[in-house]
Amino acid sequence: MPEYLPTAPYKGTRDFLPAEMSVRTQVFGHLYDVLERRGFLRYDGPILESAEIYERKSGQELADKQLYTLTDKGGRRLALRPEMTPSVARMIAGSAKSLSFPVRWYSHPNCHRYEAPQRGRVREHWQINADIFGSDSANCEIEIFELVHDMMAALGATPDMFVLRVNDRNLLTSALTDVAGVSEDHLAQVFALVDRWEKYPREKLAESAGEIGLSDKQFEKLAETLGMGEALLDELPAEVREQSNLVKVLDSGAKDLVKYEPMIVRGLAYYTSTVFEVFDTSPENRRALFGGGRYSDLASMFTPQQIPGIGFGMGDVTLIDFLDTHGLTPAPRSEVDVMVIPVTEDLSDAARSVAASLRGAGLRTSTPIEHRKLGKELTRADKAGAVAVVIVGQEDWAAGNVTVRSLATREQNSVAIADAPAAVQTLLS
């Protein structure tokens, strides 16, 4: 007996059969449309990058635990990209002289991370990345926040289904040192603790705070500080608030797009000020869907030119979970709109010519690959989701006609060959 290879994909990756691919195509098509109507230009890049760009800028957890690495035949250390931002920073730096800043770019790469597969996390995912490069203006933040709302609305989401929670790492640094009394020596560890704040019970957080070196009193003050919400801003030094783009957003007409949340940190090391995450408000799926932030020096790995940026990555796994939770997932499209069926095999050329005219009118059309009886082809058309069939019979064809049949009502009419596209369009509408 032959030993067959397994048909399942590698753990943490997914196959997308036509029905699933149809759903994805519809979902991401809506998002592309929103991005391009806002002037974002699409780009792409290689799936293999130097491992160094992630080890230097993406943070220790990603670089040490999640990176897929390899050494090529030339001895170069490479990685399957775990995210797109370092790659686009490289591309921006390399083409900076030819660009007219600020620029708006987007992509839809597949990314790889070695993670324990679970709900919301897999080892290969696709994500839409949208970034604005070359401006420090708070208008960049506003544009990105508006974009998030437009993209969610394009998928049918209403504002009550999600919340865009925002923070500024510089504001958080001031809150920790000036309000909570955390020493600068403990800042990096406390940042990591804050990033886990909503994921662990209070007892576990207190235990972790003690391991860092915070006293019980300091932990209580930290908890009080993080729970203050927008009132915390009034406790911060004026010069810190004045330098924050987020504060400018909160003082603008865009304030209602976001909710200030002191405990939003984001784990990636390259974020320098504004950070944000989009959360599902459903009790059935209360989790972060995607997020992003501002980075002032990511391109410094590649160029001395200062090129600030802000953006986000919207992953497909949590996005589809969100749509499923709220009943917003589109149904797969049918295989075709119409099938053209020759009654006899010698009418196959005639059927193909009719099919060509239907496709020319924008109709998704197929013809039989192998000739079978009319009844079997009608059943096949029904299973394919066709709305209509066009039957090419000997007498009709000789008279310059074809039969257009509705699969919903079973009614059929003989029409001139040239009128077949319009007759099928009527049934579709």
Side-chain angles (χ1 to χ4, degrees), residues 58-66 115-116 118-121 163-247 249-250 258-295:
S58 293
Q60 185 175 358
E61 180 179 0
L62 190 154
D64 292 348
K65 299 179 181 179
Q66 299 175 357
E115 299 194 89
Q118 55 189 288
R119 178 177 171 83
R121 289 186 181 275
V163 58
L164 204 170
R165 305 168 76 193
V166 298
N167 196 9
D168 180 330
R169 285 190 169 189
N170 297 321
L171 296 179
L172 180 58
T173 296
S174 177
L176 294 178
T177 56
D178 297 324
V179 181
V182 175
S183 70
E184 291 191 6
D185 293 341
H186 291 145
L187 266 180
Q189 293 169 296
V190 175
F191 256 73
L193 178 63
V194 173
D195 193 34
R196 304 192 299 269
W197 200 263
E198 295 181 299
K199 301 173 185 175
Y200 295 102
R202 190 178 180 89
E203 296 77 15
K204 177 67 174 176
L205 295 171
E207 179 183 335
S208 297
E211 292 171 357
I212 292 170
L214 300 185
S215 66
D216 291 345
K217 185 175 181 180
Q218 286 178 308
F219 174 75
E220 292 301 327
K221 185 60 178 178
L222 174 62
E224 177 187 335
T225 301
L226 295 176
M228 291 178 68
E230 199 165 331
L232 175 60
L233 297 176
D234 295 330
E235 304 296 318
L236 304 182
E239 61 271 20
V240 174
R241 299 197 306 271
E242 289 167 2
Q243 293 173 6
S244 172
N245 276 2
L246 178 56
V247 171
V249 173
L250 296 173
V258 300
K259 179 184 178 183
Y260 172 62
E261 188 60 77
M263 60 190 70
I264 298 299
V265 175
R266 302 288 292 160
L268 294 173
Y270 50 69
Y271 292 126
T272 54
S273 54
T274 304
V275 286
F276 60 91
E277 290 186 342
V278 176
F279 277 73
D280 191 341
T281 58
S282 170
E284 299 175 12
N285 191 45
R286 197 177 296 278
R287 61 160 298 153
L289 303 175
F290 61 93
R294 180 175 278 281
Y295 33 90

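Quantities reported herein were computed from a predicted structural model and do not represent experimental measurements.
- Looking only at side-chain heavy atoms (C-beta outward), L232 and Y260 come within less than 4.5 Å of each other.
- Side-chain N or O atoms of R169 include one that pairs as donor or acceptor with a backbone N or O of Y271 at under 3.5 Å.
- Closest approach of R202 to A223, counting heavy atoms only: NH2-CB, 3.6 Å.
- Using a 4.5 Å heavy-atom threshold, the side chains of I264 and V166 count as separate.
- Counting heavy atoms from C-beta outward, N285 and R119 have side chains that approach closer than 4.5 Å.
- The closest side-chain donor-acceptor pair between N167 and R266, if any, does not fall under 3.5 angstrom.
- V182 is not listed as a side-chain neighbour of F191, based on a closest heavy-atom distance of 4.5 Å or more.
- In this structure, I212 and V190 approach most closely via the heavy-atom pair CD1-N, 4.2 Å.
- When every heavy atom of P262 is checked against every heavy atom of V194, the shortest pair comes out as O-CG1, 4.3 Å.
- Minimum interatomic distance between L205 and Y200 (heavy atoms only, all atoms of both residues): CD1-O, 3.8 Å.
- Remark: side-chain polar atoms of D280 are not paired, donor with acceptor, to backbone N or O of R287 under 3.5 angstrom.
- The local environment of CD in E284 is sparse, with at most 12 non-hydrogen atoms from other residues, nucleotides or ligands closer than 6.0 Å.
- Atom CZ of R196 has more than 12 heavy atoms from other residues, nucleotides or ligands within 6.0 Å.
- Expressed to the nearest 0.5 Å, how far CG of L164 lies from CZ of F276 amounts to 6.5 Å.
- Using a cut-off of 4.0 Å between Lys/Arg side-chain N and Asp/Glu carboxylate O, K221 and E224 are scored as salt-bridged.
- With contacts defined as side-chain heavy-atom distances shorter than 4.5 Å, the pair L250/L233 qualifies.
- Within a 6.0 Å radius of CD in E239, other residues, nucleotides and ligands contribute more than 12 heavy atoms.
- Of all heavy-atom pairs spanning R294 and S273, the tightest one is CD-OG, 3.3 Å.
- Using modelled atom types and a 3.5 Å distance limit, the side chains of D168 and S244 yield a donor-acceptor pair.
- Minimum interatomic distance between S215 and Q218 (heavy atoms only, all atoms of both residues): N-OE1, 2.9 Å.
- Put simply, the side chain of R241 never gets that close to the backbone of V247: no donor and acceptor are under 3.5 Å apart.
- Dense packing is recorded around CG of D234, with more than 12 heavy atoms of other residues, nucleotides or ligands lying under 6.0 Å away.
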